[in-house]
Amino acid sequence: MISERASRNIVRAIITIIVLMILPPWKEMWVYLQSVDFRFDHVFSWAYEPIRNFDKYQEPLDLLVKEIDSFVESEPHFFDEFTGECSVYDDGIIFYRKGLSYPDSRVFYKFTVENSEIIQEYTEVFPYEFHLGDKLVNEQYPDYIFFCSDTEYSWRFLVYTRGEHPNQLIDEYREKYDFVRVTEVAPGWYDFCPD
């Protein structure tokens with residue numbers, strides 16, 4: 001006669017064998033889950049720190065946008081002559097000319113707006129994991145201004161669209177990436193995080 005403990009072990013073994021026969025092999029199941037349009041691995045890996053205190057620091061961002069716009073408007077052939085990238089300093093912005101090597105490519109534009117001393121506070125909206133990098137005016141989206149992360153660490157950006165919903169930009173990123181999270185942080189301001 002079989003002991004009660006041995007019979008439980010036999011039942012467990014039979015159930016395990018049946019489950020393993022019914023379920024597809026784990027590797028093939030994982031490949032299948034990866035191929036589904038919504039990739040399940042993103043559910044677990046997508047913890048991000050959102051743009052913070054936007055209401056508090058929108059004024060410095062708006063002033064910076066105004067200064068970038070002012071320089072772009074002062075250059076009638078901006079996209080022919082400049083890369084679109086700029087760097088923000090305490091008293092102004094440096095834009096970069098095409099076809100010249102650094103440092104000759106730098107063009108300094110001094111801030112002209114009132115309250116320009118608060119412009120540097122714009123960085124406060126970006127969480128640490130954003131890794132703020134370039135500011136960019138893009139020829140493909142000339143009315144938008146991009147605040148990009150340093151792509152060595154993260155591929156994320158905040159974009160100012162002047163109130164427009166960035167449908168074309170969203171579609172473009174959805175073609176390139178498996179998943180794109182877009183959050184409107186204020187009217188005309190969108191946080192993009194493609195993965």
Side-chain angles (χ1 to χ4, degrees), residues 24 26-69 71-73 78-80 82-88 93-96 98 119-195:
W26 290 106
K27 182 179 177 185
E28 290 166 1
M29 186 166 43
W30 181 250
V31 169
Y32 169 74
L33 290 175
Q34 293 280 355
S35 71
V36 175
D37 189 41
F38 176 77
R39 292 181 52 185
F40 292 96
D41 57 344
H42 293 298
V43 172
F44 304 106
S45 66
W46 248 54
Y48 70 92
E49 191 177 345
I51 297 295
R52 58 180 184 232
N53 300 323
F54 193 84
D55 292 343
K56 183 177 178 181
Y57 295 105
Q58 185 170 356
E59 184 182 2
L61 277 164
D62 288 342
L63 289 174
L64 179 54
V65 164
K66 189 173 184 176
E67 291 291 5
I68 291 171
D69 284 346
F71 181 80
V72 170
E73 290 167 9
F78 178 81
F79 291 109
D80 294 332
F82 291 89
T83 64
E85 295 176 39
C86 62
S87 300
V88 180
I93 306 170
I94 291 183
F95 291 85
Y96 300 92
K98 291 179 179 176
I119 288 178
Q120 286 301 321
E121 295 176 10
Y122 83 95
T123 60
E124 297 297 319
V125 302
F126 300 99
Y128 174 75
E129 65 96 27
F130 191 96
H131 300 285
L132 181 63
D134 293 330
K135 278 57 71 190
L136 183 66
V137 182
N138 185 318
E139 188 171 8
Q140 186 178 354
Y141 298 97
D143 291 332
Y144 292 7
I145 296 178
F146 295 82
F147 296 84
C148 303
S149 62
D150 181 344
T151 56
E152 182 178 341
Y153 301 103
S154 148
W155 180 235
R156 184 174 171 189
F157 58 93
L158 177 68
V159 62
Y160 174 59
T161 67
R162 302 178 200 283
E164 177 180 295
H165 190 273
N167 293 323
Q168 182 180 343
L169 186 62
I170 291 169
D171 291 343
E172 182 181 317
Y173 276 86
R174 285 192 174 145
E175 287 177 17
K176 294 179 188 176
Y177 295 90
D178 294 327
F179 190 81
V180 180
R181 180 190 48 77
V182 180
T183 306
E184 183 178 29
V185 295
W189 290 91
Y190 294 86
D191 180 15
F192 274 72
C193 193
D195 186 26

Asks: Is the closest side-chain heavy-atom distance between I93 and F71 below 4.5 Å?
Replies: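 Counting from C-beta outward, I93 and F71 never come under 4.5 Å.
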Asks: Would D191 and R181 pass as an ion pair if we require N to O under 4.0 Å?
Replies: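 Result for this pair is yes, salt bridge flagged.
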Asks: Would you say V88 and Y122 make side-chain contact, with heavy atoms under 4.5 Å?
Replies: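 V88 reaches Y122 side chain to side chain.
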Asks: Could you pull out all residues at least two apart from Y160 that satisfy ring pair (Phe, Tyr, Trp, His ring centres under 6.0 Å)?
Replies: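 Ring pair (Phe, Tyr, Trp, His ring centres under 6.0 Å) check on Y160 returns W189.
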Asks: Measure the acute angle between the ring planes of F192 and F157, then classify it against the limits of 30° and 60° as parallel, tilted or perpendicular.
Replies: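 Parallel: the ring planes of F192 and F157 meet at under 30°.
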Asks: Tell me the closest heavy-atom pair linking P142 and V137, and the distance in Å.
Replies: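 Distance-wise, the nearest heavy atoms are O-CG1, 4.2 Å.
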Asks: What distance separates I145 CD1 from T161 OG1, expressed to the nearest 0.5 Å?
Replies: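 One gets 10.5 Å once the value is rounded to the nearest 0.5 Å.
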Asks: With sequence neighbours left out, write down each residue that passes side-chain hydrogen bond (donor to acceptor under 3.5 Å, both in side chains) with D69, or none if nothing qualifies.
Replies: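 Expected list: R162.
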Asks: Do the rings of Y190 and H165 sit parallel, tilted or perpendicular, given the 30° and 60° boundaries?
Replies: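 Rings of Y190 and H165: perpendicular, over 60°.
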Asks: In chain order, what residues pass the side-chain hydrogen bond (donor to acceptor under 3.5 Å, both in side chains) check against Y96, with sequence neighbours excluded?
Replies: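 For Y96, the residues satisfying side-chain hydrogen bond (donor to acceptor under 3.5 Å, both in side chains) (neighbours in sequence not counted) are S87.
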Asks: Verify side chain to side chain contact (heavy atoms under 4.5 Å, CB included) between Q58 and V185, making sure each step is shown before the conclusion.
Replies: CA-CA 10 Å; Q58 185 170 356; V185 295; over 6 Å; no
Asks: If you measure from CD on E139 to CZ on F82, what distance do you get to the nearest 0.5 Å?
Replies: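 One finds 13.5 Å between CD of E139 and CZ of F82.
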Asks: Taking only residues two or more places apart in sequence or in another chain, which ones pass side-chain hydrogen bond (donor to acceptor under 3.5 Å, both in side chains) with Y144?
Replies: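 Only E164 meet the side-chain hydrogen bond (donor to acceptor under 3.5 Å, both in side chains) criterion with Y144.
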Asks: Can you tell me how far the CD atom of E67 sits from the CG atom of D62, to the nearest 0.5 Å?
Replies: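 Atom-to-atom, E67:CD and D62:CG are 12.0 Å apart.
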Asks: Around K66, counting heavy atoms of other residues, nucleotides and ligands shown, do more than 12 lie under 6.0 Å from its NZ?
Replies: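 At most 12 heavy atoms, drawn from other residues, nucleotides or ligands, come within 6.0 Å of this atom.
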Asks: Would you say that F54 contacts L158 through its side chain, given a criterion of any heavy-atom pair below 4.5 Å between the two side chains?
Replies: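 Yes, close enough: below the 4.5 Å cut-off.
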Asks: May I have all residue pairs that pass salt bridge (charged side-chain N to carboxylate O under 4.0 Å, His left out) and include part of residues 140-149, sequence neighbours excluded?
Replies: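 For residues 140-149, and leaving out neighbouring residues, there are no salt bridge (charged side-chain N to carboxylate O under 4.0 Å, His left out) pairs at all.
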Asks: With a 4.5 Å cut-off on side-chain heavy atoms, are F147 and L64 touching?
Replies: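 Yes; the side chains approach each other to less than 4.5 Å.
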Asks: Test of understanding: with side-chain hydrogen bond (donor to acceptor under 3.5 Å, both in side chains), list the residues that count as partners of Q140, not counting sequence neighbours.
Replies: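 Testing Q140 for side-chain hydrogen bond (donor to acceptor under 3.5 Å, both in side chains), a comparison that skips the adjacent residues, returns E172.
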